[in-house]
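When a ligand or atom number is given, it counts from 1 through the structure's own listing order.
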Amino acid sequence: MAKYDLIILGGGPAGYNAAERAAEAGLKTLLYEQRALGGVCLNEGCIPTKTFLYSAKLKDGAEHGKPYGVVCEGVSIDQPAVVARKDKVVKALVGGVGSSMRDAGVEVKKESGKIAGRTDEGLYTVEEADGSRNEAQYLLIATGSEAAMPPIPGLKEQFERGFVLTNREILDLQDVPEKLTVIGGGVIGMEMASYFNSAGSKVTVIEMLDQVGGPIDSEIAELLRKNYEKKGVSFELGAKVVRVDGDGVVFERNGREDKVAADKVLVSVGRTPNSAGIGLETIGVATERGRVLTDDKMKTSQPNVYAAGDVNGRSMLAHTAYREGEVAVNNMTGRTDHMKYNAIPAVIYTNPEVATVGETEESAREKGMDVAVVRLPMNYSGRYMAENDGGDGIIKLVVNRKTNAVVGVHMIANYSSELIWGADALITREVPLEGIKKIVFPHPTVAEIIREAVYHVQD
Ligand code: NAI
């Protein structure tokens, strides 16, 4: 039995970042991670998918280089090499997180910890598999999430057979499936559809809603879908999956059933917080449909118990998790801090990328805001024109007329992932339009489109 100031359950972006910040602030910190440091993001999410998508981008660039005067024949994906590179990058980054923990003085235990109760002195107890225990004044629950497995007949059986895959298994496929069927056209669904389409699969996306990409601006969602239809991906929208057979996926639309044949199926219909089996009930932490409930200081229903990252189900993005972990630690160490969810950027790393932050025209109007909306083709950017022959990218800027500040930016175009933080900063700092006009943007960059859009706001 050892005593700590803080015990963290989960070494993903929420947990490891919070651990580092806590140790820097002088808290004696113990971090439990049962799989690998870095969590889903580093091991089977954000990072490995980016290595895949970069390989796809190189291949697509070579294959479709003709308009740019680049002719290259016989280009193909070497899937085992793509997976090997992914493993190399992940290994290096996971090692890097381990070093940061050591440098900061965080103690890391590579096993699962389970909350076992609260002592009379108000310390929380965490138990390990062999029964040994540790205590701490503060707890941070950062156990993340796992792929949701809805009760669709056949889904679980076909998952156990290896026919249905989640984001985890699909990243280790050594062969590119001839026919890949994707259930759920959200972020994971679209990114994997993008990769496997480039790698040579015949991809079909089955999506329950009438648009892909989740709750993004509907015009951008449509442009995204059209770009992928042009590349050969098929979409079944407004389609509810009713059964998974051993050779394909059956869906229903307008009372009619149809079947999409598949060699592999990806299930990407959202994520479920990992809140069961970690002993939350022993200390009475309130949950709602699996989410650990938190306030904007990341406090749970119990004193000195915080929750950050996917487990609280609030935004389920790695960058939200980083910030939530910091907010939790700041509040533990007497530095009042609040989480703000109004300007969290979201990116879909397809080709073209989608990047968005803040209010859409629709969400702003639902909140009763008087908004001006500017919609510009990306072709206003010289750099975009130079690099995107026939590109159909757009930007949408949503401006609050009352404050004369930007409240939303939505883009479909490459590099938008790298420039959305600037839009985020303008929204977070509430920079007025006149202030943005005084910023010197480098030329030629795609980022200049933001300046251009600001000049197009009508009085
Ligand atoms: P998601 O919530 O983005 O999309 C799930 C989609 O599945 C939705 O469009 C939904 O309408 C659809 N769906 C649900 N049930 C269905 C059914 N029975 N049949 C057909 N469609 C159905 O979830 P996804 O893609 O699994 O991603 C999970 C999380 O991972 C997201 O919260 C996302 O934030 C995060 N993520 C973020 C990435 C990024 O930032 N680039 C990349 C990958 C994941």
*Counterpart residues, side chain to side chain donor-acceptor pair (under 3.5 Å), relative to K50 (two or more places apart)*: E191
*Counting distance only, does the side-chain N/O of K299 pair as donor-acceptor with the main-chain N or O of T294 below 3.5 Å?*
no
*asked:* According to side chain to side chain donor-acceptor pair (under 3.5 Å), who are the partners of S234, at least two apart in sequence or on a separate chain?
replied: K202
*Row check, Y228 ring normal vs K231 NZ/CZ: under 6.0 Å, within 45°*: yes
*Using the test side-chain contact (heavy atoms from CB on, under 4.5 Å), find all partners of S363 that sit at least two apart in sequence or belong to another chain.*
E359, T360
*Salt-bridge criterion met for K226 and E229 (N-O under 4.0 Å)*: no
_Close-range residues for ligand 1, whose non-hydrogen atoms fall below the 4.0 Å threshold_ = I152, I183, G184, G186, V187, I188, G189, E191, I206, E207, M208, L209, A239, V241, S268, V269, G270, R271, M316, L317, V347, Y349
